[in-house]
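The block underneath contains the structure these notes are about, expressed in C-alpha cells.
Quick note: numbers below take in every heavy atom, side chains included, and nothing from hydrogens, waters or symmetry partners.
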Amino acid sequence: NEVSQAQEDIGAFCDKIRIGRAARVSDDFMVFARIESLILDQGMSDAIKRAEAYVGAGADGIMIHSRKKNPEEIFEFARIFRAAFESVPLMCVPTSYNAVTEEQLAEHGFNIVIYANQLLRAAYPAMQQVAHEILRCGRSLEVDKQLMSINDILTVIPGTR
C-alpha cells in the first residue's frame, strides 16, 4: 500500500493469460488471474469486468485482493462473480481481513485461501528470540528445546533421506 501500483491493461493481461495457457505442458498446471482493483480503489465494477475478461481469456481461476479489515467487499465480489461463474475456482488472501474463517469464505464461494505471509512473519520473531538467547548465553545449548532436530528437518526436505 505504500508503493505506487497499477494494474496491467485488461487486453494486455488477457494476452498474458492466453500465452500462459498455451505454454502449459499438463492439465495439472492452472493459470490464476490476480485482480488488484479493490486494493487500488478502482471499484467493484472494475474488478468484475476484469474477472469476466480474464475467465474469457482462459484463466482457470481468479484471485481477488482487498485491504479492508472486514470481508464484506470480497463477499460482494464473490456473490457477483458466482452469479456468472458458478464453477470457476475463486481464491482470496485474508491478510487484512484475518478474522474471517475458512468456513465463512467457503460459504461465500471461495475455494482456495492463501495465508501469504503469516508463517514468514512468525519465523522472524522466533529467529530473533533464538539469536538474542545465543548472544546472551554465548552458546546455543539454552535454545536447543526451541529447535527442530536436524533429523526432522531432513525428513521435510525432499531428497535428503
Side-chain angles (χ1 to χ4, degrees), residues 1-132 146-148 152-153 156-158:
N1 297 335
E2 296 166 9
V3 295
S4 179
Q5 290 179 289
Q7 289 188 101
E8 179 103 48
D9 170 78
I10 292 174
F13 199 76
C14 286
D15 288 342
K16 289 181 179 183
I17 291 168
R18 286 185 201 77
I19 291 167
R21 294 259 322 170
R24 295 186 327 166
V25 295
S26 82
D27 290 337
D28 292 333
F29 183 84
M30 297 178 77
V31 175
F32 273 74
R34 176 177 167 149
I35 298 175
E36 300 278 345
S37 301
L38 304 177
I39 285 180
L40 298 175
D41 297 322
Q42 298 300 306
M44 189 62 65
S45 61
D46 186 72
I48 294 298
K49 179 178 163 183
R50 286 175 182 278
E52 290 169 348
Y54 299 164
V55 171
D60 296 301
I62 297 293
M63 176 171 32
I64 186 69
H65 275 298
S66 173
R67 64 177 176 202
K68 302 279 188 197
K69 295 293 183 192
N70 68 62
E72 295 310 314
E73 185 174 61
I74 63 146
F75 288 169
E76 179 185 353
F77 177 88
R79 181 182 52 76
I80 297 167
F81 181 80
R82 283 286 172 236
F85 303 102
E86 194 173 302
S87 62
V88 173
L90 186 56
M91 177 189 310
C92 67
V93 184
T95 303
S96 298
Y97 48 95
N98 59 6
V100 69
T101 65
E102 292 172 5
E103 182 178 343
Q104 291 170 312
L105 291 166
E107 288 170 1
H108 284 87
F110 286 91
N111 310 89
I112 303 167
V113 178
I114 294 180
Y115 297 100
N117 55 33
Q118 285 78 2
L119 295 179
L120 182 63
R121 289 166 49 205
Y124 278 106
M127 288 187 284
Q128 284 179 319
Q129 182 181 9
V130 167
H132 285 289
Q146 296 172 257
L147 307 179
M148 185 178 216
D152 287 346
I153 288 173
V156 299
I157 301 172

> Closest approach of Gly109 and Leu90, non-hydrogen atoms and distance?
Replying inline: O-CB, 3.8 Å

> So how far is it from Met44 CE to Ser66 OG, rounded to the nearest 0.5 Å?
Replying inline: 8.0 Å

>> Just by distance, no angles: are the side chains of Tyr115 and Glu102 close enough, under 3.5 Å, to form a donor-acceptor pair?
In response: yes

>> Quick one, Cys92 with Ile114, criterion side chain to side chain contact (heavy atoms under 4.5 Å, CB included). Give me CA distance, side-chain angles, the key distance, then yes/no.
In response: CA-CA 6 Å; Cys92 67; Ile114 294 180; over 6 Å; no

> Does Phe81 reach the side chain of Val55, with side-chain heavy atoms less than 4.5 Å apart?
Replying inline: yes

> Distance from Met91 atom CE to Ile35 atom CD1, nearest 0.5 Å?
Replying inline: 11.5 Å

>> Please determine whether side chain to side chain contact (heavy atoms under 4.5 Å, CB included) holds for the pair Tyr54 and Ile62, giving the CA-CA distance in whole Å, both sets of side-chain angles, and the decisive distance to 0.1 Å.
In response: CA-CA 8 Å; Tyr54 299 164; Ile62 297 293; 4.0 Å; yes

>> On a heavy-atom basis, which atom in Pro94 and which in Val100 lie closest, and how many Å separate them?
In response: CB-CG1, 4.1 Å

> Between Ala57 and Ile17, which heavy-atom pair has the shortest distance, and what is it?
Replying inline: O-CG2, 3.7 Å

>> Taking salt bridge (charged side-chain N to carboxylate O under 4.0 Å, His left out) as the cut-off, I'd like each qualifying pair that reaches into residues 106-128, sequence neighbours left out, listed once.
In response: none

> So, Asp41 and Arg67, do they make that salt bridge, N to O below 4.0 Å?
Replying inline: yes

> So how far is it from Asn98 CG to Lys69 NZ, rounded to the nearest 0.5 Å?
Replying inline: 7.5 Å

>> Using 30° and 60° as the class boundaries, would you call the ring planes of Phe75 and His108 parallel, tilted or perpendicular?
In response: parallel

> Nearest 0.5 Å, what's the CD1-CE distance between Ile112 and Met63?
Replying inline: 9.5 Å

> side chain to side chain contact (heavy atoms under 4.5 Å, CB included) between Ile74 and Leu105: does it pass, once the steps are laid out?
Replying inline: CA-CA 9 Å; Ile74 63 146; Leu105 291 166; 3.7 Å; yes

>> For Leu119, I'd like to know if atom CG has over 12 heavy atoms of other residues, nucleotides or ligands within 6.0 Å.
In response: no

> Which atom pair, heavy atoms only, marks the closest approach of Cys14 to Ala53?
Replying inline: SG-O, 3.5 Å

>> If I compare all heavy atoms of Ala51 with all of Phe77, which pair ends up nearest, and what's the gap?
In response: CB-CZ, 3.8 Å

> So, the side chain of Asn117 versus the backbone of Leu120: is there a donor-acceptor pair under 3.5 Å, distance only?
Replying inline: no

> With a 4.0 Å cut-off, would you call Asp15 and Arg18 a salt bridge?
Replying inline: yes

>> Taking salt bridge (charged side-chain N to carboxylate O under 4.0 Å, His left out) as the cut-off, I'd like each qualifying pair that reaches into residues 24-39, sequence neighbours left out, listed once.
In response: Arg24-Asp27, Arg24-Asp60, Arg34-Glu36

>> As an exercise, state the distance from CZ of Phe110 to CZ of Arg82, rounded to the nearest 0.5 Å.
In response: 8.0 Å

>> Return the OG to CG distance between Ser96 and Leu38, rounded to the nearest 0.5 Å.
In response: 11.5 Å

> Hey, does the side chain of Gln104 reach the backbone of Thr101 with a donor-acceptor pair shorter than 3.5 angstrom?
Replying inline: yes

>> Walk me through whether Gln42 and Arg50 qualify under side chain to side chain contact (heavy atoms under 4.5 Å, CB included).
In response: CA-CA 11 Å; Gln42 298 300 306; Arg50 286 175 182 278; over 6 Å; no

